[in-house]
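These values consider heavy atoms only, across backbone and side chains, with no hydrogens, waters or symmetry-generated copies. Letters A, B, ... are given to chains in the order of the sequence lines, protein chains preceding strands, and every chain is numbered from 1.
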There are 2 protein chains.
Amino acid sequence: MDSENGGAFPASIEAVWGLRGRPPKGPRPGLTLEGIVAAAVRTADAEGLDAVSMSRVAKELGVSTMALYRYVATKDELVVLMADAAVGPPPPLPEGADWRKGLEHWASAMRTALLAHPWAAPLMVTTGPPATPNQLAWLDLALQALAGTGLPARAKLATELLVGGHVLSEVSVVLGMAAEQGPGPRWADYEPFLRRVTGDGRLPALRAAIEAGAFGDDEPGGAEEVHGTFAYGLARILDGVEAHLRTLRS
Amino acid sequence: MDSENGGAFPASIEAVWGLRGRPPKGPRPGLTLEGIVAAAVRTADAEGLDAVSMSRVAKELGVSTMALYRYVATKDELVVLMADAAVGPPPPLPEGADWRKGLEHWASAMRTALLAHPWAAPLMVTTGPPATPNQLAWLDLALQALAGTGLPARAKLATELLVGGHVLSEVSVVLGMAAEQGPGPRWADYEPFLRRVTGDGRLPALRAAIEAGAFGDDEPGGAEEVHGTFAYGLARILDGVEAHLRTLRS
DNA sequence: ACGCTACTGCGTATGCCGTAAACGGTACTG
DNA sequence: CAGTACCGTTTACGGCATACGCAGTAGCGT
């Protein structure tokens, strides 16, 4: 009665946590959960998430499709584990950094991780509350960064959500620009399209932004300009948190 | 040469914008793009996004599956239009409000819209740059709210992204808690699970947050506490923007 | 030493999905 | 009134996730 109290959880999640020992009976497993997830991640990296099917992953491993179901109850479970593997373990906080430097570091590390696996970003929204080791390690690290602030626990959590949400949405925009497939516009056609659509005087503020060149990629800085959006948002958030901390201390 | 310059776009997107007239030849269409999208939205509301298949939507409308393909080139296109319909047109800004009140209003209206169609939130990340009428109307409205601030156009855009991203990620968390399906934990099992997983001393900051009760739903306020996370984040963001505006003006 | 048993990986089968292709009816243009 | 572009339908295909049942295997208690 002490190891099945979280029993409402998928077995594969318990397995990544190492809470599941190898059963005493039966043949030695020929596969590993980590190996399966790694193969799936490799496929997604190379050909996108749509290319990841159970049969495809099985083929990659040289086993039959159904063999995978001895390790994973459902494809959805595999996807959750892929999302965990994609972000990987978080890098340690820079030594002696204050909370702000810590969160800045945390945010750009997460951004880098998500950009390295473009298929993973959408999964962060879909997979529900974080329950896998790496996901929770990232969360823990952000909370560590905020440890010395005296912020109430709930506010620490809310702050992590805030920063994490910003990372995710900025990454999504960057990936949306780069996407070659999917419906919607190619990025190169986007500004002309917006001009056409705002030509009739509705959406005047959007029109003004276009005229001001807000949708051009060039502008002093090139690719740096994109990074500018990320840095801008992060700075606003952390400024807001910093101000909040000041009022708390007084 | 004046109506096909945005020609790289899906025809169905041009159609929602009203840029496509009925062709002069052939029988009268028996369906409407809006009708199709509405049927799909109804199905998704009632039974979730997974229940929305082409054949299902067709059945709902009493036509054959393939009839839909006269209006939509691909299921993905239909999904994009569903996402647009789900958010709907934005409500007007409160009269005489400053930028901050405007954005607050904008953000909670968007939150309400997304919560009303739980299946829609994940789509916002997936569907690429906004290209549909309602999506762009929301964007325009946020830019309108920021019109008087003197912020550079790019910063206005970045601010909209920032606030929108916060709304989306907070909504995702709320929906993740309420979700009955999908992999990952049920919410009721979540705190015990976290306790079990943090029992070994790794993830100390997370453990501390749990002990501090950050994962209990109760706490003075009940459902308001959830709203608290949203309001907290929004306030930090807007505080940060406000401070930034002050430094710009000096 | 041995058989019981729980577990492995596999082959087969089902039902659904998105969508390509070809076809006959339809309504407007010249 | 003929031509033609478009409508909705039928049929068909390949791929998908996954339920089920099987034969082989390895450690256990005896």
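B:W17 and A:F193 have perpendicular rings, their planes meeting at more than 60° on a 0 to 90° scale where under 30° would count as parallel. In this pair, B:W138 and B:W106 present their aromatic rings perpendicular. The plane angle is above 60°, beyond the 30 to 60° band.
In this structure, the CZ atom of B:R70 is 13 Å from the C1' atom of C:dT19, given to the nearest Å. Atom CG in B:L68 sits roughly 14 Å away from atom C1' in C:dC17 (whole-Å rounding). In this structure, NZ of B:K75 is placed 8 Å from P of C:dT19, rounded to the nearest angstrom. Between the CE atom of B:M66 and the P atom of C:dA22 there is a distance of 13 Å, rounded to whole Å.
Applying the 4.0 Å criterion to OP1 and OP2 of C:dA27, one finds that B:R22 has every side-chain N and O outside that range. Dashed line: the shortest gap from a side-chain N or O of B:R56 to OP1 or OP2 of C:dC16 is not under 4.0 Å. Distances shorter than 4.0 Å separate some side-chain N or O of B:S55 from OP1 or OP2 on C:dC17. Close to C:dG9, at under 4.0 Å from its OP1 or OP2, lies a side-chain N or O of A:Y71.
The span of DNA chain D lying next to chain A, judged by atoms under 4.0 Å from heavy atoms, is bounded 5' to 3' by D:dC16 to D:dC28.
Across all their heavy atoms, B:V52 and B:A40 have their closest contact at CG2-O, 3.6 Å.
Taking every side-chain heavy atom of B:T65 into account, C:dT19 is the closest of C:dA22, C:dT26, C:dT19. In the set C:dG9, C:dA27, C:dC23, C:dG9 carries the atom at the smallest distance from any side-chain atom of A:A67.
Within 4.0 Å of A:M54, counting heavy atoms only, lie sugar-phosphate atoms of the nucleic acid but no base atom. Counting non-hydrogen atoms under 4.0 angstrom, A:S64 reaches a base of the nucleic acid.
Just one residue in the list A:I36, A:T74, A:T65 forms a side-chain contact (heavy atoms from CB on, under 4.5 Å) with A:M54, and that residue is A:T65.
Of the two residues near DNA chain D, A:R28 and A:Y69, the one whose nearest nucleotide lies more 5' is A:Y69. Between B:D76 and B:P24, the residue anchored nearer the 5' end of DNA chain C, judged by the nucleotide with its closest heavy atom, is B:D76.
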Might you work through the salt bridge (Lys or Arg N to Asp or Glu O under 4.0 Å) test for B:E160 and B:K156, ending with a clear yes or no?
-> CA-CA 6 Å; B:E160 187 272 346; B:K156 283 182 192 157; over 6 Å; no
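In this structure, B:M110 and B:V163 have side chains that are not in contact, with every pair of non-hydrogen atoms separated by 4.5 Å or more. Taking 4.5 Å as the limit, some side-chain heavy atom of A:L49 sits within range of a side-chain heavy atom of A:L123.
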